[in-house]
Protein chains: 2
Amino acid sequence: MSSENFDNLRLELRRGGLVVAVLAALHSEQYGYTLRKIMADHGIEIDEGTLYPLLRRLEIQGLLKSKWREEQKRNKRFYQLTAAGKQILQQLLTEWRNMDSSINSILKEYGHATSRTVSASR
Amino acid sequence: MSSENFDNLRLELRRGGLVVAVLAALHSEQYGYTLRKIMADHGIEIDEGTLYPLLRRLEIQGLLKSKWREEQKRNKRFYQLTAAGKQILQQLLTEWRNMDSSINSILKEYGHATSRTVSASR
DNA sequence: ACATCATACTGTGTTATACATAGTATATGT
DNA sequence: ACATATACTATGTATAACACAGTATGATGT
């Protein structure tokens, strides 16, 4: 069942990228609903049932701060990076870049046709 | 406890990259012990307690095939990508690239100084 | 001959979290 | 009045790297 395997592996891949992407978007403050749209605009579909618990958890971990504000007759919860969050984001970006370099390096040495196609597109 | 958070988030990030990197290295057949060294040479430290179960799981999922062979007086288990494995690897690479593009795109639009430093280094 | 290290691998419980699913409240459009 | 969009909260399930422990055996050092 290759497609099922791919789905699981794809989820694993998303897990790491998701946090980096969400933190990256919160250099400027956003509330959940528009953050979800921003992520979608940049190619990352994320269900609200996944996004809100993630935001909550990142706040608990001290990487985000939030405050309620009423705008356009609606109560919205705005999130933004903390100083610690900016620092962690930098570190995670470094990890992401390092993993990317490792993968490319391995592909260059061991990936046959795949190495060529990847290099060509970058 | 930022450093503890970073460790957990780093693990999440690794989860996706790890499978891609291992599959990429197995275009040519390797046995576990040298595969571990190859990964280390390319910047990915992975404990044997993590690598062997991963290889086992990927074989069960049909992405790898293995066979025992005696070399230099030792029994070694050689692994290599199957046709399905090559296909899944391509798809995962595409997912990885898409996530990377999304992150860069978000950084470009929302990341302040970080956006500049990342662009400069690439 | 024996101790130590390197090689080569197997087994399994713990921990963490996206996902899936369900839900509430309220403003706006038809 | 009803449907849809906006904006969010709550929680159990499924998954897998890690951490840790272990076995077997060849090579090397004393």
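Letters A, B, ... are given to chains in the order of the sequence lines, protein chains preceding strands, and every chain is numbered from 1.
- Taking for each of B:F78 and A:L18 the nucleotide of DNA chain C with the nearest heavy atom, the 5'-most of the two is the partner of B:F78.
- The overall bend of the helix from C:dA1-D:dT30 to C:dT30-D:dA1, read as the angle between its terminal helix axes built from five base pairs each, is 20° when rounded to 10 degrees.
- For the pair A:R56 and D:dT9, the criterion of a side-chain N or O lying under 4.0 Å from OP1 or OP2 is met.
- Of the side-chain N and O atoms in A:Y31, one or more sit less than 4.0 angstrom from OP1 or OP2 of D:dA7.
- For B:H42 and A:E109, the side-chain atoms include at least one donor-acceptor pair closer than 3.5 Å.
- Close to D:dC18, at under 4.0 Å from its OP1 or OP2, lies a side-chain N or O of B:R14.
- B:S101 places a side-chain N or O within 3.5 Å of a backbone atom of B:R97 that can act as its donor or acceptor partner.
- Remark: C1' of C:dT17 and CG of A:L13 are 15 Å apart, rounded to the nearest angstrom.
- For B:R57 and D:dA17, the shortest distance from a side-chain N or O to OP1 or OP2 is below 4.0 Å.
- When the P atom of C:dT14 is taken as reference, atom CG of B:D7 falls 21 Å away, rounded to whole Å.
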Identify all pairs in which a protein N or O lies below 3.5 Å from an N or O of nucleotides 20-25 of chain D, and state each distance.
from, atom 1, to, atom 2, distance (Å)
D:dT25, O2, B:R74, NH1, 3.3

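- Phosphate proximity of C:dT10 to B:Y52: absent, as no side-chain N or O sits under 4.0 Å from OP1 or OP2.
- The nearest whole Å value for the distance from the CZ atom in A:R15 to the P atom in D:dA14 is 15 Å.
- For the side chain to side chain contact (heavy atoms under 4.5 Å, CB included) criterion with B:L89, the lone passing option out of B:V19, B:V22, B:L23 is B:L23.
- Of the possible donor and acceptor atoms, none in the side chain of A:S66 sits under 3.5 Å from a partner among the backbone N and O of A:R77.
- Within the structure, salt bridge (charged side-chain N to carboxylate O under 4.0 Å, His left out) pairs that include any residue of residues 28-56 of chain B comprise B:E29-B:K67, B:E29-B:R69 (at least two apart or interchain).
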